[in-house]
Each structure stands twice: as structure tokens, then as C-alpha cells.
Trainee: 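Just dropping this structure here.
Both backbone and side-chain heavy atoms feed into the values below; hydrogens, waters and symmetry mates do not.
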Amino acid sequence: MTTDTGRFLAVAGEFLRADPAGNSVMLTVTEDLRVSGAAAAASTPLYGWWQPAGDPVAAAFMHTPDFPLMLSRVNGPEAARLAGELAGAGRRVHSVNVGQEAADAFAVAWRDRTGDAVAVHRRMRLFRLGELRPPRPGPEGTARLAAGTDCDLLAGWFGAFTREVGDPPGEDQHAAVTERLGYGGLTVWEAGGVPVSVAGRTRAVAAMVRVGPVYTPPELRGHGYAGAATVAVSQVALDAGVREVVLYTDLANPTSNALYQRLGYRPVEDRMVFSFTSARHASRVTLHP
């Protein structure tokens, strides 16, 4: 294990780049740290990888405090072993994000070692863009790249999105927006000259971009603005020459899952996010050992 982003990429980078879609979070987070410098990060991630003697890297993980432990594809026994090692080292893990089998194995091992209760936080689906299909007819308005004058509005929207999806609230949203503005990572949809929706994208890495967040204020929903913003930001990524455009959805939201498929996104894999808290603060769920 290491907290050195450069060392992690030197060892595990080839493995991550072999599956840019499946490893998009680790690739894009480490790319942001590489570009901005690790000192700019609010907290230092812990990294690790599985590498049998004499063989290539077979799996990897990244854990930023207050965010889910992110694992690549990994088998259940190795996920359980990692849970034991992290618990034994006193690492506080609030949640884990990985495929169902590994998530179950990690959660059982973590619960057994720590006594924490386990709750389902989110079931996610990874989508990859096939052929982009703009909505016909499209909504009123036009797309444009967000500018510095949008920062206060978009920071408020980012905060509202974070609360709505139940993500950690501590991030400085103004800083997050400013950082994305720096590389053209936010596209606004305007109607009547007023911003009504926003779609973000990550930096390109390994010829891949991940779309998100996509947000429309509740009072402006139902007009097709989010779909139009998603098409616009997806087209920006394609025009930049990337080979893969991906995004994650919450499976509990049938509206967004249906929308992205109408726009040309196709399912790739599902992931489970389990959260861990002391037993008196969370309900237990059934795990599959």
C-alpha cells in the first residue's frame, strides 16, 4: 500500500488503462491529482494493488477518506482479505464500491472484524456511449461551456446535487467548480438566456471521459434539459477524440437510467455501494457469504 500517487500509477497504471471504463474513477481521480499536484487534494488517498509474484497487476484499489473505498474487479476472497488488513491497520472505511460478489465478501469481513452494521447505500450501473442519439425534438435552448461568471450558481447546484444523492457534504463546491472550469469540464444548457441545467465531465485519460454530475434544479425538471446537456457534453468529449464516454447511474432512479439509454448509452457493469456504521446507527442487510 502507498499514498504516493506516482508510485501507484507506475505499478498499477497499465492495469487500470487496460479497462478505462471499469477503472474510470481511479484513472480520473489520479489524473486530477497528477495535473493539480497532490498538495492540492483535500485528503491523501491510500492506494494498493494485487500482484502475484512474477505476474502482472491483477487488481487495484483507492481509498480517499470520507469517500467509498473504490476497488477494481477483484474476487471475493481477496476483497475479504483487504477488509481484514485495513481493519487491522485501523483504517476507517465508511463504505465500499465494487461488484456484488466482492462487495458482499468485503462487507462480511469488515462487519466481523469491526462490529459495524452494513447498509445498502447505492446500487450503481456503469454505462458506455455507443452511438450518440440526441432527443428529437429537443428542448428549447442551446448549450455552451460554463464560464467564471457561472461559478456561484454552479457551486450551489453542485451542493444541491451532493445532498440529493447522499454523497459526502464536506467538499468545497466553489473549488470543485473552478477546477472543472479550468479545463472546460462543465457544459450549461440555457433556455431563454438563463442556465437551466449543467452536465460535467472529467479530464480525458486513457482516451476515456466520464460524464457527471448532471443536474437540473427540481423546479426546472420535466423539460428535457438534462438530456440535452448530457448530449452536449458527450459531443464535446467525442469531438476531443476520446474513444470511450462513460457515466454512472443510481439504479434506484429509473428516469435517468431510461434517459441515458435513449441517448445511446449501453450498460457495462453493476456495482454495489455498502456503507458501514456502528450498529446502533444503521439497519442491517442480508449479505451473501
Trainee: Does some side-chain heavy atom of T2 sit less than 4.5 Å from a side-chain heavy atom of W49?
Mentor: yes

Trainee: Does D270 come within less than 4.0 Å of R125, counting only side-chain N to carboxylate O?
Mentor: yes

Trainee: Are E164 and R221 within salt-bridge range, i.e. N to O under 4.0 Å?
Mentor: yes

Trainee: Rounded to the nearest 0.5 Å, how far does CG of L82 lie from CZ of F106?
Mentor: 5.5 Å

Trainee: Which value, rounded to the nearest 0.5 Å, describes the distance between E269 atom CD and Y248 atom OH?
Mentor: 5.5 Å

Trainee: Same cluster or not: V214 versus Y225, using hydrophobic residues (I, L, V, M, F, W, Y) connected whenever any side-chain heavy atoms lie under 4.5 Å apart?
Mentor: no

Trainee: List in chain and number order the residues that pass salt bridge (Lys or Arg N to Asp or Glu O under 4.0 Å) with E190, two or more places apart in sequence or in another chain; answer none if no residue qualifies.
Mentor: R144

Trainee: Can we say R133 and E131 salt-bridge, meaning some charged N sits less than 4.0 Å from an Asp/Glu carboxylate O?
Mentor: no

Trainee: Can you check whether S256 reaches D250 side chain to side chain, under 4.5 Å on heavy atoms?
Mentor: no

Trainee: May I ask you to decide if A147's main-chain N or O and D150's side chain share a donor-acceptor pair within less than 3.5 Å?
Mentor: yes

Trainee: So, do Y47 and F8 have ring centers that fall under 6.0 Å from each other?
Mentor: yes

Trainee: Is E78 paired with R81 through a side-chain N to carboxylate O contact shorter than 4.0 Å?
Mentor: yes

Trainee: Just wondering, more than 12 heavy atoms not from R123 lying within 6.0 Å of its CZ?
Mentor: no

Trainee: Before you tell me yes or no, could you show the steps for S234 and Y265 under side-chain hydrogen bond (donor to acceptor under 3.5 Å, both in side chains), namely the whole-Å CA-CA distance, both residues' side-chain angles and the distance that decides it to 0.1 Å?
Mentor: CA-CA 10 Å; S234 301; Y265 282 86; 2.6 Å; yes

Trainee: When rounded to the nearest 0.5 angstrom, what distance separates NE2 in H63 from CG in L71?
Mentor: 10.5 Å

Trainee: If the threshold is 4.0 Å, N to carboxylate O, is there a salt bridge linking E85 and R113?
Mentor: no

Trainee: Could you give the distance from CG (D32) to CZ (R203), rounded to the nearest 0.5 Å?
Mentor: 5.0 Å

Trainee: Do the side chains of F15 and P56 get nearer than 4.5 Å, heavy atoms only?
Mentor: no

Trainee: Just jot down the side-chain hydrogen bond (donor to acceptor under 3.5 Å, both in side chains) partners of N257, sequence neighbours excluded, or say none.
Mentor: T249

Trainee: Can you check whether D167 reaches R122 side chain to side chain, under 4.5 Å on heavy atoms?
Mentor: yes

